Amino acid sequence: MKRREFITMLGGAVAAWPLTARAQQLVMPVVGFLHPASVHAAGDQLRAFHQGLKEAGFVDGENVAIEYRWADNRTDRLPALAADLVRRRVAVIATVGTSAFAAKAATTTIPIVFVGGEDPPALPGRAAT
C-alpha cells in the first residue's frame with residue numbers, strides 16, 4: 001500500500017466516526033497509534049501520519065486525540081500495548097508492519113489501519129482471517 005492510499009484510508013476511517021453529543025459537547029474521537037520502535041526512530045512515519053490526518057481535516061488536540069504507544073524496539077511489549085489501546089476504547093488503531101498482528105490479536109471490533117511493505121496474510125506462519 002502506498003503512502004497516499006494509507007492516508008486516504010485513514011482519513012476515511014476517521015471521517016466515518018460518529019461524533020456523539022453529550023451535554024451539548026462533541027466527544028473527540030481517539031486514534032490509537034501503535035509502533036514497534038521509539039518516537040525518535042519513527043520520526044518520518046510520525047510526520048507522515050500527522051500530515052495524512054491534517055489532509056483529511058484532523059489535527060491532534062483540536063478535533064482528534066491520539067494515544068501513542070511505543071514498544072521501544074521490544075516487540076514482546078506490543079501485545080500489552082495493543083491491549084492497553086483496546087482498554088482505552090480507541091476508535092481505530094493505526095500501526096506499521098507486523099505490529100498489526102498484536103493489534104489484531106487484541107481486538108476483533110476496533111478497526112486496524114496499517115502500512116507495511118508486505119502482505120500480512122502471506123507472511124510465513126500467518127493465516128488469513
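Note that the structure is a prediction, hence the values are computed from the model and not measured. Numbering of residues begins at 1 and proceeds along the displayed sequence.
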Exercise. Kindly give the heavy-atom pair with the smallest separation between P79 and A102, and that separation in Å.
Key: N-CB, 4.0 Å
Quiz item: Is the Y68 ring parallel, tilted or perpendicular to the H50 ring (thresholds 30°, 60°)?
Solution: perpendicular
Exercise. Compare every heavy atom of P36 with every heavy atom of V96, then report the nearest pair and how far apart it is.
Key: CG2-CD, 3.6 Å
Quiz item: D76 and R74: salt bridge (Lys or Arg N to Asp or Glu O under 4.0 Å), yes or no, with the steps?
Solution: CA-CA 5 Å; D76 60 311; R74 292 186 44 213; 3.7 Å; yes
Quiz item: If you look at every heavy atom in L34 and A82, which pair is closest and at what distance?
Solution: CD2-CB, 3.9 Å
Quiz item: Say you draw a straight line from CG of L46 to NE2 of H40; how long is it, rounded to the nearest 0.5 Å?
Solution: 11.0 Å
Exercise. Can you measure from CZ (R89) to OG1 (T109) and round to the nearest 0.5 angstrom?
Key: 10.0 Å
Quiz item: Mind checking whether L53 and V39 sit in one hydrophobic cluster, side chains of I, L, V, M, F, W, Y counted as touching below 4.5 Å?
Solution: yes
Self-check item: Side-chain (T107) to main-chain (V86) donor-acceptor, under 3.5 angstrom
Solution: no
Quiz item: Do P111 and I93 touch side chain to side chain, with heavy atoms closer than 4.5 Å?
Solution: no
Practice problem: Over all heavy atoms of both residues, which pair between A42 and W70 is shortest? Give the atoms and the distance, please. | Solution: CB-CZ3, 3.6 Å
Self-check item: Separation of E67 CD from R87 CZ (nearest 0.5 Å)
Solution: 12.0 Å
Quiz item: When you look at V64 and V31, which way does the side-chain contact (heavy atoms from CB on, under 4.5 Å) test go after all the steps?
Solution: CA-CA 7 Å; V64 68; V31 173; 3.8 Å; yes
Quiz prompt | Qualifying residue for side-chain contact (heavy atoms from CB on, under 4.5 Å) with L85, from V90, V92, V30 | solution = V90
Quiz item: Which heavy atom of A103 sits nearest a heavy atom of I112, and at what distance?
Solution: C-CD1, 3.5 Å
Exercise. Show the numbers, then the answer: is there a side-chain contact (heavy atoms from CB on, under 4.5 Å) between E55 and Q51?
Key: CA-CA 6 Å; E55 289 174 10; Q51 182 62 35; 3.1 Å; yes
Practice problem: Please lay out, stage by stage, how F101 and L78 fare under the test side-chain contact (heavy atoms from CB on, under 4.5 Å). | Solution: CA-CA 9 Å; F101 291 119; L78 288 169; over 6 Å; no
Quiz item: Where is the tightest heavy-atom contact between F49 and A94, given as atom of each residue plus distance?
Solution: CE1-CB, 3.7 Å
Self-check item: Straight-line distance of F58 CZ to N63 CG, nearest 0.5 Å
Solution: 6.0 Å
Quiz item: In Å and rounded to the nearest 0.5 Å, what is the NE2 to CG distance from H35 to L81?
Solution: 12.5 Å
Practice problem: Please answer whether the main-chain N or O of A80 pairs with a side-chain N or O of D84 as donor and acceptor at a distance below 3.5 Å. | Solution: no
